[in-house]
*Asks:* 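Below is one structure. I have some questions about it.
So that the names make sense, note that chain A is the first sequence line, chain B the second, and so on, each numbered from 1. The figures here come from the full heavy-atom set of this structure, side chains too, leaving out hydrogens, waters and symmetry mates.
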2 protein chains.
Amino acid sequence: MTTVLIADDQPMQRFGFRMLLESQDDMTVVGEAANGHEALSLVSRHHPDVALMDIRMPLLDGIEATRRIIRAGARTRVLIVTTFDLDRYAYDGLRAGASGFLIKDALPEELLSGIRAVASGDAVVAPSLTRRLLDAYVQHLPTVPGGPFTLDARIATLTERERQILTVIGQGWTNTEIAERLHLAESTVKTHVTRILAKTGSRDRVQAVILAYDTHLVTPA
Amino acid sequence: MTTVLIADDQPMQRFGFRMLLESQDDMTVVGEAANGHEALSLVSRHHPDVALMDIRMPLLDGIEATRRIIRAGARTRVLIVTTFDLDRYAYDGLRAGASGFLIKDALPEELLSGIRAVASGDAVVAPSLTRRLLDAYVQHLPTVPGGPFTLDARIATLTERERQILTVIGQGWTNTEIAERLHLAESTVKTHVTRILAKTGSRDRVQAVILAYDTHLVTPA
DNA sequence: GTGCGTGTAGTACCGGGGTACGACGCGGGG
DNA sequence: CCCCGCGTCGTACCCCGGTACTACACGCAC
């Protein structure tokens, strides 16, 4: 019997996971956590085989929670599941010691097989992430001038986080919304935005949106 | 027995909904759709009492699907459920004929009671949206008489002048620049902008820029 | 160790964007 | 003829976006 902990700040998401897992006769959900701190205490109390870990959570995010779980030497293996498929997340998550990384729009069967794989000691990465993960890995090798991974010069200097923020700006999100949905302070969002504008030479977020479209960071519907 | 159709492009999300609904002995899921077109055909085939409709779906989004369901005179009532709580979504969705609008991070019980309310002819709106929705409603009273609201149709209601202004907004011009280069008073520009936003259902000029790109009024460099 | 890049957060400030009004001239269709 | 859509302009007002700092924790590199 595989014991599983669910860590996600969205109640409905947890519900969906729980129902899926409980429908399998080789799995049991031993707890639900709405943030990283809860996840830590529940892991130390129940020692689940697998922790389904969302990244975006208040108080303590899934990456940091994963890092602490692994560092504590717990037997629990962490399977990160999130809606965001950004490079940095995958990279940091796996580097923090996670055994796998899946995207929420995976099929239920894929999720189940991923959990079983992780529980048995294997690692899993969502197919859609494998490509980028390799690219990110290559990026850390000595760079070749004019290589195949060069981006548009204007957004090339952006960090992953900044690129992410620029993307959602391109979706029309306000600073307040970005703060809420990414669990940040608005002041932090503003800091990011200011740096993005400086790096890209944009005057305001409108021009940043235009840049996002021109560089295909976001694409027209 | 309340029959329900689930329309969402994320398999896991559909699974969560289905499990939640099937656990209730007064509800049955009669179908699952992964995009707007599937939703339309399944509605015409099964005539469900309620359609749980996600907004962001490929091929045909939830808003347009809702509009066509209602226009076809189907008895099915549409309950829009999405992760995003943007004003214009709620506004467009309800105006398209939806009976309700909930956010995905609602508690399962809230979702269930929402479905029952909609099935019985009532309308529901997520508490966090009610306030803004009322404001938006009052604000739009004197304007557009519920015309079709596809992407292109949104800018179709614009006058030549307004379309011109929207175009240069899409180029990143500020109100001051527009006034100078078009030999207008800034107050005039502001008036135009306000009308453009009202007609297109945009919250601010950023969303207007996005709309300009999506409708190919302006094209990426 | 020291330094740097990154991400986080805060305060204070200002200017532009957007709203809510009201107003006026013009041209075309009832 | 008169009304209405359209384009124009104005004032007053509020809030968000953006700037300019400072600050701290962390991981990594030298």
Side-chain angles (χ1 to χ4, degrees), chain A residues 36 55-61 63-64 66-68 70-71 86-89 91-93 95-97 139-140 142 157-166 168-169 172-180 182-209, chain B residues 87-88 132 135-145 157-166 168-169 172-180 182-209:
Chain A
I55 289 187
R56 299 165 6 188
M57 288 189 296
L59 299 181
L60 191 71
D61 66 68
I63 300 288
E64 186 56 31
T66 299
R67 187 170 294 117
R68 299 192 188 179
I70 300 302
R71 199 183 296 166
L86 295 177
D87 299 347
R88 180 171 181 80
Y89 285 165
Y91 191 66
D92 288 354
R95 231 163 39 110
Q139 256 183 343
H140 285 256
T157 62
L158 297 182
T159 66
E160 275 306 320
R161 191 57 153 172
E162 288 163 353
R163 214 186 314 276
Q164 180 196 8
I165 304 271
L166 177 53
V168 297
I169 289 179
W173 297 19
T174 64
N175 289 341
T176 311
E177 287 171 345
I178 297 175
E180 285 175 357
L182 263 47
H183 303 297
L184 296 175
E186 187 170 345
S187 60
T188 304
V189 177
K190 284 187 169 188
T191 303
H192 285 307
V193 171
T194 299
R195 286 178 188 159
I196 291 171
L197 298 184
K199 284 187 179 179
T200 60
S202 304
R203 178 175 49 197
D204 49 38
R205 70 201 292 113
V206 173
Q207 293 196 344
V209 169
Chain B
D87 296 349
R88 78 182 177 113
R132 302 199 222 172
D135 296 341
Y137 175 68
V138 173
Q139 171 189 341
H140 282 75
L141 273 184
T143 52
V144 198
T157 64
L158 298 181
T159 66
E160 269 311 310
R161 193 57 155 172
E162 287 164 354
R163 210 186 319 274
Q164 179 194 9
I165 304 268
L166 177 54
V168 297
I169 289 178
W173 297 16
T174 64
N175 289 340
T176 311
E177 287 172 345
I178 297 175
E180 286 173 356
L182 264 46
H183 305 292
L184 295 175
E186 188 169 341
S187 60
T188 305
V189 178
K190 284 189 168 187
T191 303
H192 284 309
V193 172
T194 299
R195 287 181 187 153
I196 291 171
L197 299 184
K199 284 187 179 180
T200 60
S202 303
R203 178 177 47 196
D204 50 40
R205 70 198 293 114
V206 174
Q207 293 196 345
V209 168

*Asks:* What pair of heavy atoms forms the shortest contact from B:Leu197 to B:Ala208, and how long is it?
*Replies:*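 That closest heavy-atom pairing would be CD2-CB, 3.9 Å.
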*Asks:* For B:Arg195, which residues count as a salt bridge (charged side-chain N to carboxylate O under 4.0 Å, His left out) partner, sequence neighbours excluded?
*Replies:*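 Testing B:Arg195 for salt bridge (charged side-chain N to carboxylate O under 4.0 Å, His left out), a comparison that skips the adjacent residues, returns none.
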*Asks:* Rounded to the nearest angstrom, tell me the gap between atom CZ in A:Arg163 and atom P in C:dT6.
*Replies:*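 In whole Å, C:dT6 P and A:Arg163 CZ are 11 Å from each other.
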*Asks:* Considering all heavy atoms of both residues, which atom of B:Leu158 and which atom of B:Ile196 are nearest to each other, and what is their separation?
*Replies:*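 In terms of heavy atoms, the two residues are closest at CD2-CA, 4.2 Å.
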*Asks:* B:Glu177: which residues meet the side-chain hydrogen bond (donor to acceptor under 3.5 Å, both in side chains) condition with it, sequence neighbours left out?
*Replies:*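 B:Glu177 satisfies side-chain hydrogen bond (donor to acceptor under 3.5 Å, both in side chains) with A:Arg203 only.
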*Asks:* End-to-end bend of the helix from C:dG1-D:dC30 to C:dG30-D:dC1 (five-pair axes, 10° rounding)?
*Replies:*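 End-to-end axis angle for the helix from C:dG1-D:dC30 to C:dG30-D:dC1: 30°, rounded to 10°.
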*Asks:* Whole angstrom is fine here: how far is it from CG in B:Leu182 over to P in D:dT8?
*Replies:*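 That distance rounds to 8 Å.
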*Asks:* Taking only residues two or more places apart in sequence, or in another chain, which ones meet B:Arg161 in a salt bridge (charged side-chain N to carboxylate O under 4.0 Å, His left out)?
*Replies:*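 Per chain and number, B:Arg161 pairs via salt bridge (charged side-chain N to carboxylate O under 4.0 Å, His left out) with no residue.
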*Asks:* In whole Å, I'd like the distance from the NE2 atom of B:His192 to the P atom of C:dA20.
*Replies:*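 Rounded to whole Å, this separation is 18 Å.
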*Asks:* Rounded off to whole Å, could you give me the CD-to-P distance for the B:Glu160 and D:dG7 pair?
*Replies:*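 Rounded to whole Å, this separation is 9 Å.
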*Asks:* Got a sec, which residues hit side chain to side chain contact (heavy atoms under 4.5 Å, CB included) with A:Ser187, two or more places apart in sequence or on another chain?
*Replies:*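 Result, side chain to side chain contact (heavy atoms under 4.5 Å, CB included) vs A:Ser187: A:Ala185.
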*Asks:* According to salt bridge (charged side-chain N to carboxylate O under 4.0 Å, His left out), who are the partners of A:Glu186, at least two apart in sequence or on a separate chain?
*Replies:*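 Residues passing salt bridge (charged side-chain N to carboxylate O under 4.0 Å, His left out) with A:Glu186: none at all.
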*Asks:* Below 4.5 Å, heavy atoms only, C-beta onward: do B:Leu182 and B:Trp173 meet side chain to side chain?
*Replies:*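 Result yes, sub-4.5 Å side-chain heavy-atom pair found.
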*Asks:* Whole angstroms only, please: what is the CG-P distance between B:Leu197 and C:dA20?
*Replies:*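 After rounding, the gap between these two atoms is 11 Å.
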*Asks:* Taking the minimum atom-to-atom distance to the side chain of A:Thr188, which one of C:dT11, D:dG10, C:dT8 wins?
*Replies:*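 In terms of side-chain proximity for A:Thr188, the closest of C:dT11, D:dG10, C:dT8 is C:dT8.
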*Asks:* Listing time: all N or O pairs from protein to nucleotides 21-26 of chain D that are below 3.5 Å?
*Replies:*
none

*Asks:* Taking all non-hydrogen atoms of both residues into account, name the closest pair between A:Thr159 and A:Glu162 and its distance.
*Replies:*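 So the two residues come closest at N-OE1, 2.9 Å.
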*Asks:* With A:Ser202, which residues qualify under side-chain hydrogen bond (donor to acceptor under 3.5 Å, both in side chains), at least two apart?
*Replies:*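 side-chain hydrogen bond (donor to acceptor under 3.5 Å, both in side chains) check on A:Ser202 returns A:Thr200.
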*Asks:* Work out which heavy atom in A:Asp204 is nearest to a heavy atom in B:Thr174; give both atom names and the distance.
*Replies:*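 Here A:Asp204 and B:Thr174 meet closest at OD2-CG2, 4.2 Å.
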*Asks:* Take the protein atom CG of B:Leu184 and the nucleotide atom P of D:dC6, then report the distance between them rounded to whole Å.
*Replies:*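 So the CG-P distance, B:Leu184 to D:dC6, works out to 17 Å.
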*Asks:* Between A:Ile196 (CD1) and D:dG17 (P), how many Å, whole number?
*Replies:*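 Taking CD1 of A:Ile196 and P of D:dG17, I get 14 Å after rounding.
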*Asks:* Give me, pair by pair, the N or O atoms of the protein and of nucleotides 14-17 of chain C that are less than 3.5 Å apart, along with how far apart they are.
*Replies:*
from: C:dG17; atom 1: N7; to: B:Lys190; atom 2: NZ; distance (Å): 3.3

*Asks:* Is any side-chain nitrogen or oxygen of A:Ser187 closer than 4.0 Å to OP1 or OP2 of C:dA9?
*Replies:*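 Negative; the distance criterion is not met.
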*Asks:* Specify the separation, in whole Å, of atom CD of B:Glu162 and atom C1' of D:dG7.
*Replies:*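 Result: 9 Å.
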*Asks:* According to a strict under-4.0 Å criterion, is B:Thr194 in side-chain N/O contact with OP1 or OP2 of C:dG18?
*Replies:*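 False: B:Thr194 side-chain N/O out of range (4.0 Å or more) of C:dG18 OP1/OP2.
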